[in-house]
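Here is the structure we will look at.
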Amino acid sequence: MSGTMIIDGRKVDYTNQKNILSVIRDSGIDLPTFCYHSELSIYGACRMCSVETSKGEIIASCSEKPRDGMEIFTNSPRIRKYRKMILELLLANHDKDCTSCDRTGRCQLQKLAKRYGLGKNRFPQINKDYEVDNSSPSIIRNPNKCIKCGDCVMVCEEIQGVGALGFVHRGSDVIIKPAFNKSLAESNCVNCGQCRIVCPTGAISIKNETQKVWDALYDKNIRVVAQIAPAVRVALGEEFGKNPGEITTGKIVAILKKLGVDHVFDTSLSADLTVMEESEEFINRLQRNENLPIFTSCCPAWVKYAEDKYPNLNKNISSCKSPQQMFGTVLREAYNQKDFEDGKDTFILSIMPCTAKKAEAARKEYIHDGIREVDVVLTTQELAIMIKELGIKFDEIEEEAMDMPFGIGSGAGIIFGTTGGVTEAVLRRVLKNKYGKDDFKIIFESVRGLESVKETSVNVDGREIRLAVVHGLKYADNLIKQIQRGEKQYDLIEVMACTGGCIAGGGQPVPKVITKETRMLRAGGLYKIDKSIQIKSSDDNYAVNNVYENILKNNRHKLHNHK
Amino acid sequence: MIAEFKEKVDEILRRHSCEKKELITIIQEIQKEYRYLPEDILIYVAEKMDISQSKIYGVATFYENFSLEAKGKNIIKVCDGTACHVRKSLPILNAMNKELGLSDKKKTTDDLLFTIETVSCLGACGLAPVITINDHVHPKMTPETAVDLIRTIKKEEAQC
């Protein structure tokens with residue numbers, strides 16, 4: 001449907017925009033919203049996008065379709081008054097302790113209050129003093145900062161298919177929390193942190209563990225060793241005015257060194273180990289024709305989702321530990337003897353784009369005799385907090401290279417950070433020397449990109465292998481149901497919980513606008529790094545061979561979960 | 001959940017073919033059966049209907065009429081609509097609360113015999129002040145007659 005609207009006295013053509021709000025925004029006016037996300041269903045709760053029609057009606061522009069000849073005003077005196085009033089009311093029961101809030105400076109409520117020049121609130125402050133939910137290892141839920149926009153509820157239900165959060169009670173008593181008064185830790189929350197990405201205020205935030213890292217860094221008897229996940233390097237820059245996808249690997253290494261980290265390594269190396277282990281496991285299962293399809297196990301949010309909802313799929317999920325835990329395992333092996341000789345303890349820090357990695361590192365199977373494989377997981381966001389605390393000028397810092405022997409990953413290991421990456425990495429290994437260059441290009445194109453479900457098939461030694469790549473747990477859920485009904489059949493399924501994969505993880509900086517474009521740019525950054533690396537396939541990475549020959553030796557089984 | 005419960009719930013779900021749009025009717029029927037909505041039954045229903053626990057909990061807490069706490073065998077509703085209110089419904093409520101040791105916060109007796117609730121209007125203003133006990137209407141109440149009613153029920157309950 002196309003037509004022409006009159007917005008603030010100016011004629012604006014529209015084509016297929018789904019609501020008036022989009023037409024207004026496309027015409028260059030940044031109409032404010034709290035509850036509107038183009039990828040979620042329209043809720044119409046916050047009323048910030050209200051506009052006045054020529055008939056004097058006030059309508060929520062997110063919930064109305066554009067009509068030909070319609071005239072609206074986005075900044076009439078009534079609308080301005082109305083908008084200010086909404087903000088005043090929201091602020092009247094908002095915990096306004098901004099200086100201690102994690103979200104300060106990036107808070108939509110704070111931003112709009114400033115933008116509309118709110119002075120002293122004429123409404124009295126009413127705080128209900130709800131209990132803060134600290135139970136989850138990954139995220140903190142503070143209902144006192146919640147403005148009930150419902151974004152978290154929608155992303156959890158519609159995109160992740162988890163539904164850990166919901167509206168409870170009604171009217172002024174409404175509160176957003178898990179069902180049956182459970183804490184987040186007791187609920188079916190998978191710790192993906194997507195709620196924290198869409199939350200416009202500090203009501204949902206990352207569990208900040210930077211102090212633990214500072215403590216370790218200042219302790220002379222502790223050796224701090226860090227691993228950096230692929231997706232971190234293409235998003236951290238956003239916290240320092242860079243564009244999404246800008247590659248900041250060298251800067252991160254230099255900064256970590258400056259912070260006092262002794263050795264900095266690359267998680268893409270352990271992604272390579274994952275490829276080696278998972279390819280072998282996959283080929284074994286294919287030969288025996290058992291426990292197919294194999295599901296990838298790199299994403300801890302997906303693993304928890306499957307454990308909670310589909311316990312019967314347990315045997316189908318790859319036994320491989322995730323790259324983070326594999327690295328922890330390898331580093332413990334590597335530093336064991338050295339710790340003994342030096343009389344030091346090694347503290348393994350991992351920098352991840354993901355909140356669920358915090359929960360993963362805390363799982364009991366990854367703690368041996370009281371020692372964790374990974375001591376602390378910091379998200380990209382927390383690293384940015386530490387950098388700012390230290391006062392490092394991001395632009396001026398000279399780049400440095402990762403340390404050896406664990407500082408090099410193949411291109412296959414790098415692309416693990418985006419949807420389709422794990423599948424492509426496994427294919428690079430399994431199909432090596434079996435296809436021509438052009439065929440590869442076609443196969444890889446089919447698993448790249450942001451389509452919710454991507455399918456392809458390849459031929460290995462005369463057998464057709466069917467692969468599926470899915471991101472967003474709701475889509476994974478649909479796919480599993482299709483498989484269970486016998487409508488679909490696959491041999492390998494890659495699942496990443498977050499839309500776009502790790503590059504859009506819950507621990508990444510919150511993008512200015514959450515759109516496909518940010519994800520494309522971040523993924524583009526990873527593919528760019530992949531292009532610049534000579535080693536394309538995991539088995540060609542000599543650092544991988546070093547790990548097998550000199551570190552793990554007969555302990556290869558330690559890279560797996562033994563269920 | 002005990003098997004007998006499961007059978008009843010399954011029967012309710014079957015009657016509504018697990019249709020998501022029938023959620024409210026399904027919970028209403030469950031409440032009719034058990035006088036409240038037991039947590040394990042709601043969790044079971046959520047699983048069967050393939051909806052999240054949050055969603056079903058959200059619906060159950062949204063409506064005043066749904067109760068997540070066990071209710072007494074005798075549910076007393078005291079009308080506090082305008083007509084009953086001006087004809088002194090509150091003293092009736094207070095007298096009954098006092099008799100049963102209940103309050104605004106504690107609405108059900110520990111022996112699960114009585115629950116006292118207030119409602120906004122029962123639509124019988126001509127009979128004000130009105131109470132209902134298990135949907136049976138008792139018109140033109142006074143604090144004394146209300147307490148007598150409770151005592152009678154208590155006696156009957158003690159006999160059986």
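The chains referred to below are lettered A, B, ... by the order of the sequence lines, with proteins before strands, and numbering in each begins at 1. What you see is a predicted model, and the numbers here were worked out from it, not measured in a lab.
- For B:E11, the CD atom is densely surrounded, since the number of other residues' heavy atoms within 6.0 Å is greater than 12.
- Counted within 6.0 Å of CD on B:E47, heavy atoms from surrounding residues, nucleotides or ligands total 12 or fewer; the atom is thus considered open.
- Nearest heavy atom pair, residue B:E64 against residue A:R170, reads N-NH2, 4.2 Å.
- Taking NZ from A:K309 and CG from B:D50, the interatomic distance works out to 4.5 Å, rounded to the nearest 0.5 Å.
- More than 12 heavy atoms of other residues, nucleotides or ligands lie within 6.0 Å of NZ in B:K106, so this atom counts as buried by the packing criterion.
- At a 4.5 Å heavy-atom cutoff, the contact between A:F180 and chain B is made by backbone and side-chain atoms alike.
- With a 4.5 Å cut-off on non-hydrogen atoms, A:V162 touches chain B through its backbone but not through its side chain.
- Between B:F62 and A:V174, the closest side-chain pair of non-hydrogen atoms is not below 4.5 Å.
- The neighbour count for B:K48 NZ, taken as heavy atoms of other residues, nucleotides or ligands under 6.0 Å away, does not exceed 12.
- A 6.0 Å sphere centred on CD of A:E451 holds no more than 12 heavy atoms belonging to other residues, nucleotides or ligands.
- Taking each heavy atom of A:H169 and B:T61 in turn, the nearest pair found is N-OG1, 2.9 Å.
- Ranked by heavy-atom pairs under 4.5 Å with chain B, the list A:A179, A:G166, A:G161 is led by A:A179.
- When the shell of 6.0 Å around NZ of B:K98 is examined, it contains 12 or fewer heavy atoms from other residues, nucleotides or ligands.
- Ranked by heavy-atom pairs shorter than 4.5 Å toward chain A, the options B:I43, B:I51, B:I56, B:V59 are led by B:I43.
- At most 12 non-hydrogen atoms from other residues, nucleotides or ligands lie less than 6.0 angstrom from NZ of B:K88.
- Side chain of B:S54 to backbone of A:G163: a donor-acceptor contact under 3.5 angstrom is found.
- Rounding to the nearest 0.5 angstrom, the gap separating the CD atom in B:E39 from the CG atom in A:N181 is 8.5 Å.
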